[in-house]
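Every chain is numbered from 1, with letters handed out A, B, ... down the list of sequences. All values below were derived from every heavy atom in this structure, side-chain atoms included, with hydrogens, water molecules and symmetry-related copies excluded.
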Number of protein chains: 4
Amino acid sequence: MICHIDAGNGIPIYEQIERQVKFSIANGSLLVGERLPSVRELAVQAAVNVNTVARAYRELQQQGVLDSIRGTGMSVSAAAPDICRQDRLQMIRDRLRSVLQEALQNQISVQEVRSLVDSEWQSLTQQDSG
Amino acid sequence: MICHIDAGNGIPIYEQIERQVKFSIANGSLLVGERLPSVRELAVQAAVNVNTVARAYRELQQQGVLDSIRGTGMSVSAAAPDICRQDRLQMIRDRLRSVLQEALQNQISVQEVRSLVDSEWQSLTQQDSG
Amino acid sequence: MICHIDAGNGIPIYEQIERQVKFSIANGSLLVGERLPSVRELAVQAAVNVNTVARAYRELQQQGVLDSIRGTGMSVSAAAPDICRQDRLQMIRDRLRSVLQEALQNQISVQEVRSLVDSEWQSLTQQDSG
Amino acid sequence: MICHIDAGNGIPIYEQIERQVKFSIANGSLLVGERLPSVRELAVQAAVNVNTVARAYRELQQQGVLDSIRGTGMSVSAAAPDICRQDRLQMIRDRLRSVLQEALQNQISVQEVRSLVDSEWQSLTQQDSG
DNA sequence: GTGGTCTAGACCACC
DNA sequence: GTGGTCTAGACCACG
């Protein structure tokens, strides 16, 4: 579990951590039962505040993604892979819906949106960064 | 210029005002040179504080969308339509790009994205709501 | 006396009127004893508010540049030419001093200022506008 | 970063703060990445309201001079030195141009302007005050 | 602790 | 009447 944080991109750091944990679970980098780095470890590795990591872990636990092992740390729950896979689709669907809503309000046609999607997708896959 | 404010949707009030002004300019409801409601008027109409409206107007002025005529009020600048039309496209393009980036990270194919776009677009246009 | 007003350049309209009256007196377009247009006339001609012209006239009278003729209007005072000629120099001297002060604070050398003066002067005299 | 505010000199307080921050960046007193005093600190030090400092910081951020790091504070952006140095030159150039324009309108020769510059510069450097 | 938003109410210059 | 500035004090999200 390596975490890449970009402070100053508008997305709260605790949320960036949450996403990356979920992403790792969804794609199988983190397996059910596997232990996560301690809040202190991850805080040092990602150069963020301990409280921030703790908040991310806490919210993941509330969502049923992580189990807290008494006095030992957090581990990936049995339900996590399902949750995370559903989650990533839902998140994308929601954000997409909100963008489309705005496009609709601005009288942009579905054709224009489609071509925007294609052109942006190309520019993203060509540089292949992130 | 009627302004509908939804306090509590997370978007700052002054930004909601900015968007609605820009939107009205982009679609021709507000013409170049036309006067906007005074800060006091709009504050009453939208049930928000005068300073909040003033901030929205000030930022629009800084962006070159509004001219402030001393003692007279605010009016739509000559460059406003261009700025606003570019603005709305750019905003949508940026948000779309960010969604696509996330889709890419989650190994979702462009076909899946396309079908998501189409299905969400349909559901939005059918209910036709705001 | 034709007055050209540029609302929206930051300089108060009443002050623009004052300057143009003084300028006309200093260069002899307005002679001692000559009557000025009525506030209403000038307001119409310059497309500004009557109160604004009235304020300009009032301040010019307070400065001794204009005499108010009972119920008839304003006329150029005997002392006006002297006042206006001194005034224009003083005004320029003051503004120049303030610019130089800022240049000094920003550690700009007198040589740089001199070359700025020359280059700006050239660009102003070439187009010869204003 | 010590801020000296002169309330009542006509220049808005938030603008005085902006200028002093930019000035400090331009002359190297504030380095790229360096943290600025918190809005509350600076408000106390300069004896002004927190909101006033916040406005200055916000506008500097909008200009790309400051980065706002969530929950951490404001810091000097990478582009700041360039922006600030260009800024100070442009501001002086603009004001100088406006003075020269007025001089031109008043039929003052470039020689007179030059000698004014020199004499005023001398009087400013001799007293060497702020 | 940090900045960000909002309200309420005051005072100002300008038209 | 108009916008512009400032203060005071509250609440919020983030670290």
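Contact between the side-chain N/O atoms of D/Arg58 and the OP1/OP2 oxygens of E/dG3 is not found at any separation under 4.0 Å. In terms of phosphate contacts, B/Ser38 brings a side-chain nitrogen or oxygen within less than 4.0 Å of OP1 or OP2 of F/dT2. Proximity of A/Arg55 to the phosphate of F/dG15: no side-chain N or O atom is located under 4.0 Å from OP1 or OP2. Taking only side-chain nitrogens and oxygens, B/Tyr57 never comes nearer than 4.0 Å to OP1 or OP2 of F/dG3. For B/Arg70, a side-chain nitrogen or oxygen approaches OP1 or OP2 of E/dC15 to under 4.0 Å. In this structure, B/Gln61 does not reach the F/dG3 phosphate: none of its side-chain N or O atoms is under 4.0 Å from OP1 or OP2. At the phosphate of E/dC6, neither OP1 nor OP2 sits under 4.0 Å from any side-chain N or O atom of B/Tyr14.
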Residue pair A/Asp94, A/Gln90: steps toward the side chain to side chain donor-acceptor pair (under 3.5 Å) verdict: CA-CA 6 Å; A/Asp94 287 346; A/Gln90 193 54 43; 3.1 Å; yes

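With hydrogens and angles disregarded, a donor-acceptor distance shorter than 3.5 Å links the side chain of D/Thr72 to the backbone of D/Arg70.
Nucleic acid contact for C/Asn51: none, since no nucleic acid atom lies under 4.0 Å from a heavy atom of the residue. The residue D/Arg40 sits close to a base: some heavy atom pair falls under 4.0 Å. Residue contacts for A/Glu15: at a heavy-atom cut-off of 4.0 Å it reaches no nucleic acid atom on any strand shown. Nucleic acid contact class of D/Ile69 (heavy atoms, under 4.0 Å, all strands): none.
Summary of the strand contacts: A/Ile11 and B/Ser68 both lie near DNA chain F, and taking for each the nucleotide with the nearest heavy atom, the more 5' one is attributed to B/Ser68. Each of C/Thr52 and B/Thr52 has a nearest nucleotide on DNA chain E; the 5'-most of these lies closest to B/Thr52. The residue among B/Gly71 and D/Val50 whose nearest nucleotide of DNA chain F is located toward the 5' end is B/Gly71. The nearest heavy atom of DNA chain E to B/Ile13 and to B/Thr72 marks one nucleotide each, and the one closer to the 5' end goes with B/Ile13.
Nearest nucleotide to the side chain of C/Asn49, out of E/dT2, F/dG3, E/dC15: E/dC15. Taking every side-chain heavy atom of A/Pro12 into account, F/dG15 is the closest of F/dG15, E/dT7, F/dC6.
When all heavy atoms of B/Asn106 and A/Phe23 are compared, the pair lying nearest together is OD1-CD1, 3.4 Å. Closest non-hydrogen pair, A/Leu96 versus B/Leu96, comes out as CD1-CD1, 4.0 Å. Contact detail for D/Val53 and D/Leu42: the closest heavy-atom pair is CG1-CD2, 3.8 Å. Closest of all the heavy-atom pairs between B/Ile83 and B/Gly64 is CD1-O, 3.6 Å.
Taking atom CG of B/Leu42 as the reference point, atom P of F/dT2 lies 12 Å away to the nearest angstrom. Between the CE atom of B/Met74 and the P atom of E/dC15 there is a distance of 15 Å, given to the nearest Å.
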Dot-bracket line, read 5' to 3' along DNA chain E, where crossing pairs take [ ] and | marks a partner on another strand, Watson-Crick or G-U under 3.5 Å: ||||||||||||||.

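When the salt bridge (Lys or Arg N to Asp or Glu O under 4.0 Å) test is applied to D/Arg40, no partner is found at least two apart in sequence or on another chain.
Side chains of A/Gln16 and A/Asn9: a donor on one and an acceptor on the other come within 3.5 Å.
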